[in-house]
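Each remark here refers to the structure printed beneath this line.
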Amino acid sequence: MRLADSIPSVAVADAVRASVSYDQLRAYDGALYWLEKRPDAGGVATLIQWRRDEGTRDISPAGFDVTNDIHAYGGGSFAVADGAIWCVGAGGLYRSRYRGDELVLVSPASVGDLTVGNGELLAVRETERGDELVAMPLSGSRRLRTVTRSSGFLSAPRQGPSLFAWSAWGEQDMPWDACELWVGSYSSQGHIESPVKVAGGWDESAVEPRWGPDGSLYFVSDRGGWWNLFRWDGREVKAVAPIAGECAAEPWELGYASYAFLDDGRIVVAVQEGPRHRLVLIGPHGSVRPVDLPYTSIKPYLATQGTTVALIGSSPTAASQVALVNLSDDEPRVEVLAKSEHAELSGAQVSTPTELRVQAARGREVSALVYPPTGSTADWRAPVIVRAHPGPTASCLLRLDWQAQFFTSRGFAVVDVDYLGSTGYGRAFRESLYGRWGLDDVDDCAAVAAHLLAAGRALPGRIFIRGASAGGYTALHAVAQNGPFAAATAVSAIVDPDRWAETVPRFQRAHAMRLRGGAGRVRASNVQRPVLFIHGTADDVAVVEDVRVLADQLAARDVPHRLLLLPDVGHSVATSAEAGTALEAELAHYRAVMTAAETS
């Protein structure tokens, strides 16, 4: 097949350069702060400040990675208080004046989920024995004091006027399965006294606690099947506004803020419904009003000042942006503060998706986003790349992904599948993959591929599957059985759930235990199609040794494969300095399979 040559291809360097990640947006004293990870600049997280009269500027030293590894995935890596920046990087906790002073190491402790209490910096510290909530005075002593500890996991230390709130879950749970919300008085000696459980339990995930301007404690709970906003007034818990959608993100990282308070008494909330996000305003009496925005994907980092909300949003035609939205009038006004597209891509034509609902095994319905080849007509037929997202509690999001455009501009269709276990469809859907991993997720991806074949969109023998992390496991099992896929790309893949449960970081061990019991280990004897493995040598979530062993076993059976090892790259390849190398290798893999099919 001749691939489209009338549409300029997106250069790999441009695709990588535009794959900027914005995270951990916060507001303080008229300024906004966020972390910006630029793959073409080594993939380190740089702290950015924006002020109305100054614009944006880097305020962390060049090459300094503002990050932490608490619970493996980090989060809450900086806080702003009294004109000073507190942040975590290699070596521990640092402090700096935000007007440009150098960072000074104040503690070698590895901490995360930084927030500011009454004259104190609060954080989570992970130890071999469990978690601790710790505090350090904003001035004076530089000693971390333990506030409370647990053999399980702790997060979200939030100090109110006289009370202290936090989240906790056990070693056998993930926070989206069973997470409790606790409150206790905070003594003058800095210790929690008389703690009581407000919400959460074995069948409820209560996350993102935050003290409201009315003195009540707000949080998000899935006790009704969806993560919705609740309020505790010191006596009882009440629903704020029931919504048939997820009002929180699956808590892989610390420091999420899926809702925030405006000065006029309204609450702004990011709601996920399938692959889409929308922003809503909740009034004082529980009324819900949608906000008309140009974004279909919103990250769980809302930051408010007055009647404006800052957010990180994207859409099918705009990659991730930092934007300021004025909500004082009926018509919201959007001001873009930072965006990842650069001059070389300003006029590039992009592929926009259609949403697809497909009947899969056992009568369930699966959602997918189908990106046709760039510039194609309505009756397009093309090679197809089916993508299984990581997680598997993540989801496919309706947003511009320049790395997907790298392939659509070369004549491929890209299809993102929200297989069983994805977030955005309620608690029951999210839990249903437990014990079925490697089975139902594979069936769902195959069902979408079969639908595209039957519809005459996908070309037989030219349907590929790729996935990262848990999605890599799905991709490998998809080519370990008869099915529509001609080859697989497995990025940072999990190979053996039992071994993974032993090697995965402590935070994710419970996830591994709940997921396993389905298809089990990927066996080389079952793999029937060519495989490209892409793996970072510094991956501490899915260790590279498992992939090496599987690749060696495939070599012994003469199964076509390639193992691409990326030196010093961790679990996230797409935002690493080697993202371009990975893209080029993946493209070459598919082209080689198609060429071999033509000559056979």
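- Atom NE2 of H277 sits about 13.0 Å away from atom CG of L293, to the nearest 0.5 Å.
- Within the 4.5 Å cutoff, the side chain of T575 has no heavy atoms near those of the S19 side chain.
- D568 contributes no side-chain N or O that, together with a main-chain N or O of G536, makes up a donor-acceptor pair within less than 3.5 Å.
- There is no side-chain donor-acceptor pair under 3.5 Å between D401 and Y371.
- Taking CD1 from I70 and CG from L254, the interatomic distance works out to 7.5 Å, rounded to the nearest 0.5 Å.
- Nearest heavy atom pair, residue I463 against residue A458, reads CD1-CB, 3.6 Å.
- Checked against D177 for a side-chain hydrogen bond (donor to acceptor under 3.5 Å, both in side chains), the options Y434, W202, W169 give a single hit: Y434.
- Across every non-hydrogen atom of V593 and A487, the tightest pair is CG2-CB, 3.8 Å.
- Counting non-hydrogen atoms of other residues, nucleotides and ligands closer than 6.0 Å to CD of Q172 gives a total of 12 or fewer.
- Tested against S77, the residues D23, D65, N68 include a single side-chain hydrogen bond (donor to acceptor under 3.5 Å, both in side chains) partner, N68.
- Considering all non-hydrogen atoms of both residues, C247 and N228 come closest at SG-ND2, 3.8 Å.
- With rounding to the nearest 0.5 angstrom, the CZ atom of R521 is 14.0 Å from the CZ atom of R516.
- In this pair, Y590 and F464 present their aromatic rings parallel. The plane angle is below 30°, not in the 30 to 60° band.
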### Task
Show the numbers, then the answer: is there a salt bridge (Lys or Arg N to Asp or Glu O under 4.0 Å) between E273 and R278?
CA-CA 8 Å; E273 298 162 343; R278 61 190 177 105; 2.9 Å; yes

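- The residues R430 and E250 are annotated as not salt-bridged, no charged nitrogen and carboxylate oxygen being separated by less than 4.0 angstrom.
- Residues A574 and A579 share a closest heavy-atom pair of O-CB, 3.4 Å.
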#### Entry: Worked check of side chain to side chain contact (heavy atoms under 4.5 Å, CB included) between L587 and F406
CA-CA 9 Å; L587 176 63; F406 172 82; 3.9 Å; yes

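- Between the T423 side chain and the A394 main chain, no donor and acceptor come within less than 3.5 Å of each other.
- Residues W227 and S205 have side chains in contact (heavy-atom distance under 4.5 Å, counting atoms from C-beta outward).
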### Query
Passes side chain to side chain contact (heavy atoms under 4.5 Å, CB included), L398 versus E355? Steps please.
CA-CA 9 Å; L398 194 56; E355 296 182 56; 4.1 Å; yes

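- Between F429 and Y425, the two ring planes are tilted [angle within 30° to 60°].
- If you take NE2 on H477 and CG on D441, they are separated by 8.5 Å, rounding to the nearest 0.5 Å.
- Side-chain contact between L452 and L356: present, with at least one pair of heavy atoms (C-beta onward) separated by less than 4.5 Å.
- Atom-to-atom distance recorded for T352:OG1 and Q405:CD is 8.5 Å, nearest 0.5 angstrom.
- Taking the six-membered ring wherever Trp is involved, the centroid distance between the rings of W176 and H511 falls below 6.0 Å.
- Panel note: side chain D539, backbone V544; no donor-acceptor pair is recorded below 3.5 Å.
- Side-chain N/O atoms of Q272 and S395 include a donor and acceptor closer than 3.5 Å.
- Checking side-chain atoms of E171 against main-chain N and O of A510 turns up no donor-acceptor pair under 3.5 Å.
- Counting only N and O atoms by type, the side chains of T374 and T408 include a donor and acceptor under 3.5 Å apart.
- D440 has its side chain within reach of R364: a pair of non-hydrogen atoms, C-beta onward, lies under 4.5 Å apart.
- Among W437, W500, Y419, the single residue meeting the ring-ring contact (aromatic ring centres under 6.0 Å, His included) criterion with Y473 is W437.
- Distance alone, capped at 3.5 Å, is enough to place a donor-acceptor pair between the Y259 side chain and the E208 backbone.
- Judged by the 6.0 Å and 45° rule, R457 forms a cation-pi pair with W380.
- Formation of a donor-acceptor pair under 3.5 Å by the E246 side chain with backbone atoms of G426 is found in this model.
- Separation of atoms CG (L400) and OG (S314) is listed at 8.0 Å; rounding is to 0.5 Å.
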### Query
Given the rule in the side chain to side chain contact (heavy atoms under 4.5 Å, CB included) test, do V220 and S258 qualify, once you have shown the distances and angles that lead to the verdict?
CA-CA 9 Å; V220 182; S258 300; 5.6 Å; no

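- Formation of a donor-acceptor pair under 3.5 Å by the S340 side chain with backbone atoms of A18 is found in this model.
- Between the side chain of Q508 and the backbone N or O of V541 there is no donor-acceptor pair closer than 3.5 Å.
- Put simply, the side chain of L565 reaches to within 4.5 Å of the side chain of R548, judged on heavy atoms.
- Contact of the R466 side chain with the H589 side chain is not registered, since no non-hydrogen atoms from C-beta on lie closer than 4.5 Å.
- A 4.5 Å side-chain heavy-atom check between L311 and L302 finds at least one atom pair inside the cut-off.
- A 4.5 Å side-chain heavy-atom check between V20 and E36 finds at least one atom pair inside the cut-off.
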Tell me which donor-acceptor pairs under 3.5 Å the side chains of residues 523-532 have, and how far apart each pair is, sequence neighbours excluded?
residue: R529; atom: NE; partner: F485; partner atom: O; Å: 3.2

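- What you find for P484 and A449 is that their closest heavy atoms are CG-CB, 3.7 Å.
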### Message
side chain to side chain contact (heavy atoms under 4.5 Å, CB included) for K37 and V44? Distances and angles first, verdict last.
### Response
CA-CA 6 Å; K37 186 174 288 188; V44 301; over 6 Å; no

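- Judged purely by atom type and a 3.5 angstrom limit, H71 has no side-chain atom pairing as donor or acceptor with the backbone of F507.
- Minimum heavy-atom separation, R410 to V10: NH1-O, 2.7 Å.
- Ring orientation note: the planes of Y73 and W252 are nearly perpendicular, at an angle over 60° on the 30°/60° scale.
- In this structure, S492 contributes its side chain and A468 its backbone to no donor-acceptor pair below 3.5 Å.
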